Structure formats: structure tokens, C-alpha cells
Amino acid sequence: MKQLVVLGGGESGVGAALLGKEKEYNVFLSDIGKIAKKYKDVLRHNEIEWEEGRHTESKILDADLVVKSPGIPDHVLLIQKLHEANISVISEIEFAALFTAANIIGITGSNGKTTTAMMVHQILNKAGLDVAIAGNIGESFAKQVLNNNANYVLELSSFQLDGIEKFRPHIAIITNITPDHMDRYDHKFENYIASKFRIAMN
């Protein structure tokens, strides 16, 4: 059984853990901070092993695949160690996309992406299509994939897009790009722009 390590015990992390268990991975979730009670309850109910307040490196570096919370920067020492060990580190968006053949509309931008995603979801819903909204809004994409919807509208942050490799939305929308999160991108606007354009790279 393949080892899946999930770093981060928030919405995206717990969603990835649930999907991983469904797909018969041996799942271990680790969060260096505190995990909210509602997520602990989900993990316990689904008998998923987890830890909080630390990262047990021996268990994490034993992974076949790591799904990383978008809030964890790539320059963190643990992530560097995973790269050095040639362990694939991807986002929850990338992981969830492996397990669905649904139509995906991906929406990113510095401003307006939530409004645009909600509007597109509402239009498709009113048209009678089987559609769910996820990503940086509502329930995680991974958790939604468990419901086997036919269409997904995903609001995608630059942090989520940084962790994709083969993710390929059928329709990609960039609402606009203005300087944001510059500390994450070495204070270079061109790095942030490149991150946003990853939505269309495949």
C-alpha cells in the first residue's frame, strides 16, 4: 500500500486525506500547528492517523507522495528535504484531479475570482447541470471529488497553482493580475504573474 503524507490539517489537507483513504493509500496527516476540532473529529471518524504541533520527519520522509497545504512555502526546510529525497510534493488540487474525469473550470486572479467562481457556478446550476464549487472556496476539491460530480468550478489561488504538475482545467480564466503576496514570490511581480499563468500551462 502506498504511503500518502498530507501536510496541513485544514480544509484542503483533510479533504486530501479522505480522498487518499478512499483510493487505498496508507494516509498520515501532519500539522505543525493545532488542528481544529471539527477536522480532528473527521480524521478520527475515518480512522486516519494524524499528529499536530510537530512534523515527525521519519514518517514524512517515508512517503511515496506528499500533498502539501498551499500555505506552506516551498523554501521550508522540510519541503527541501522531501525534494532532495525525490519525493513528489503536490497540491491538493493536483491530487484530486488525478481521480476525476469531470469538466473543470479553473478561475484565478488577484481580485474578483471568488465572485466570478460563484457567478459561473450559479449559471451552470440554474442551467440544470451537475456542478460543484470548490478550490479556495467552500469544501475542498478532494472532498468534492468523492461525490463524483460531472462539473467543477474551482477558485484557485497562486499558492494552489504553485503545486500543480499535470492539472489541466478544460476552461481557464484569469480575471486580472495585480501585485500581491510579494513576500512569497521574492518581491518580484514577474514571479507572481508566472504563478497565475500556471493555470494554463497544460
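In this text, all values refer to a predicted model and were calculated from it rather than measured experimentally.
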Checklist line | Row check, Phe159 ring normal vs Arg184 NZ/CZ: under 6.0 Å, within 45° | finding: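 Yes - Arg184 lies over the ring of Phe159, closer than 6.0 Å to its centre and within 45° of its axis.
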
Checklist line | Summary of ring-ring contact (aromatic ring centres under 6.0 Å, His included) pairs that have at least one residue in residues 67-112, sequence neighbours excluded | finding: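 The answer is Tyr25-Phe95, Phe95-Phe99.
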
Let me check something: do [X] and [Y] share a hydrophobic cluster, defined by ILVMFWY side-chain heavy atoms less than 4.5 Å apart, either directly or through other members?
X: Phe28; Y: Leu43; answer: no
X: Ile193; Y: Ile173; answer: no
X: Leu156; Y: Met119; answer: no
X: Val27; Y: Phe141; answer: yes
X: Val76; Y: Val89; answer: yes

Please round to the nearest 0.5 Å and tell me the distance separating atom [atom1] of [X] and atom [atom2] of [Y].
X: Tyr152; Y: Ile104; atom1: OH; atom2: CD1; answer: 8.0 Å
X: Glu139; Y: Asn147; atom1: CD; atom2: CG; answer: 7.0 Å
X: Leu61; Y: Leu78; atom1: CG; atom2: CG; answer: 6.5 Å
X: Leu29; Y: Lys40; atom1: CG; atom2: NZ; answer: 12.0 Å
X: Ser158; Y: Tyr192; atom1: OG; atom2: OH; answer: 5.0 Å
X: Leu82; Y: Ile60; atom1: CG; atom2: CD1; answer: 7.0 Å

Check: [X] side chain, [Y] main-chain N or O, donor-acceptor pair, under 3.5 Å:
X: Asn111; Y: Asn176; value: no
X: Asp130; Y: Ala150; value: yes
X: Glu92; Y: Gly15; value: no
X: Glu94; Y: Lys166; value: yes
X: Asn191; Y: Tyr185; value: yes
X: Gln144; Y: Ile133; value: yes
X: Ser69; Y: Gly71; value: yes
X: Lys38; Y: Val42; value: no
X: Lys143; Y: Leu18; value: no

Next item on the list: Apply the test side chain to side chain contact (heavy atoms under 4.5 Å, CB included) to residues Leu124 and Ile105: give CA-CA distance (whole Å), side-chain angles for both, the deciding distance (0.1 Å), then the verdict.
Entry: CA-CA 11 Å; Leu124 297 178; Ile105 300 173; 3.8 Å; yes

Next item on the list: Apply side chain to side chain contact (heavy atoms under 4.5 Å, CB included) to Thr108 and Leu161, showing your working.
Entry: CA-CA 9 Å; Thr108 195; Leu161 292 170; 3.8 Å; yes

Margin query: Let's go through Ser88 and Glu165 carefully: what are the C-alpha distance in whole Å and the side-chain angles of both, what is the deciding distance for side chain to side chain contact (heavy atoms under 4.5 Å, CB included) to 0.1 Å, and is it a yes or a no?
Written below: CA-CA 10 Å; Ser88 183; Glu165 294 173 358; 3.6 Å; yes

Next item on the list: Could you work out the complete set of other residues in the hydrophobic cluster of Ile32, with links drawn between I, L, V, M, F, W and Y side chains under 4.5 Å apart?
Entry: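 None, because no other hydrophobic side chain comes under 4.5 Å of this residue.
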
Check: Looking just at side-chain N and O atoms, do Thr175 and Lys113 make a donor-acceptor pair shorter than 3.5 Å?
Finding: no

Item checked: Salt-bridge present (Glu49, Lys59; N to O < 4.0 Å) ->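 Salt bridge present between Glu49 and Lys59.
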
Check: Is it true that Arg44 and Glu47 have a side-chain N and a carboxylate O under 4.0 angstrom from each other?
Finding: no

Which atom of [X] lies closest to which atom of [Y], heavy atoms considered:
X: Ser30; Y: His55; result: OG-ND1, 2.6 Å
X: Phe189; Y: Pro179; result: CE1-N, 3.5 Å
X: Ile93; Y: Gly135; result: CD1-CA, 4.1 Å
X: Ile174; Y: Lys196; result: CD1-O, 4.1 Å
X: Val67; Y: Ser91; result: CG1-C, 3.9 Å
X: Glu51; Y: Ile35; result: O-CD1, 3.7 Å

Check: Please walk me through it: do Val120 and Ile107 pass side chain to side chain contact (heavy atoms under 4.5 Å, CB included)?
Finding: CA-CA 10 Å; Val120 171; Ile107 301 169; 4.2 Å; yes

Item checked: Partner of Glu155 by side-chain hydrogen bond (donor to acceptor under 3.5 Å, both in side chains), out of Thr115, Thr114, Thr116 ->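 Among Thr115, Thr114, Thr116, the one that satisfies the side-chain hydrogen bond (donor to acceptor under 3.5 Å, both in side chains) with Glu155 is Thr114.
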
Does some side-chain heavy atom of [Y] sit less than 4.5 Å from a side-chain heavy atom of [X]?
X: Met201; Y: Phe167; value: no
X: Asp64; Y: Ile87; value: no
X: Asn149; Y: Val131; value: no
X: Pro169; Y: Ile199; value: yes
X: Asp74; Y: Lys68; value: yes

Next item on the list: Given side-chain hydrogen bond (donor to acceptor under 3.5 Å, both in side chains), test Ser195 with Asp162 step by step and report yes or no.
Entry: CA-CA 6 Å; Ser195 177; Asp162 287 338; 2.7 Å; yes

Please list every donor-acceptor pair under 3.5 Å in which a side-chain atom of residues 2-14 meets a protein atom from a residue at least two apart or in another chain.
unit_1	atom_1	unit_2	atom_2	d
Gln3	OE1	Asn26	ND2	2.4
Glu11	OE1	Tyr39	OH	2.8
Glu11	OE2	Ser140	N	2.9

Check: So does Glu24 have more than 12 non-hydrogen atoms from other groups sitting under 6.0 Å from CD?
Finding: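 No, CD of Glu24 has 12 or fewer neighbouring heavy atoms, counting only those of other groups under 6.0 Å.
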
Margin query: Show, in sequence, the C-alpha distance, side-chain angles and deciding distance for Glu57 and Lys81, and conclude whether the salt bridge (charged side-chain N to carboxylate O under 4.0 Å, His left out) test is met.
Written below: CA-CA 9 Å; Glu57 285 195 10; Lys81 287 182 178 180; 3.0 Å; yes

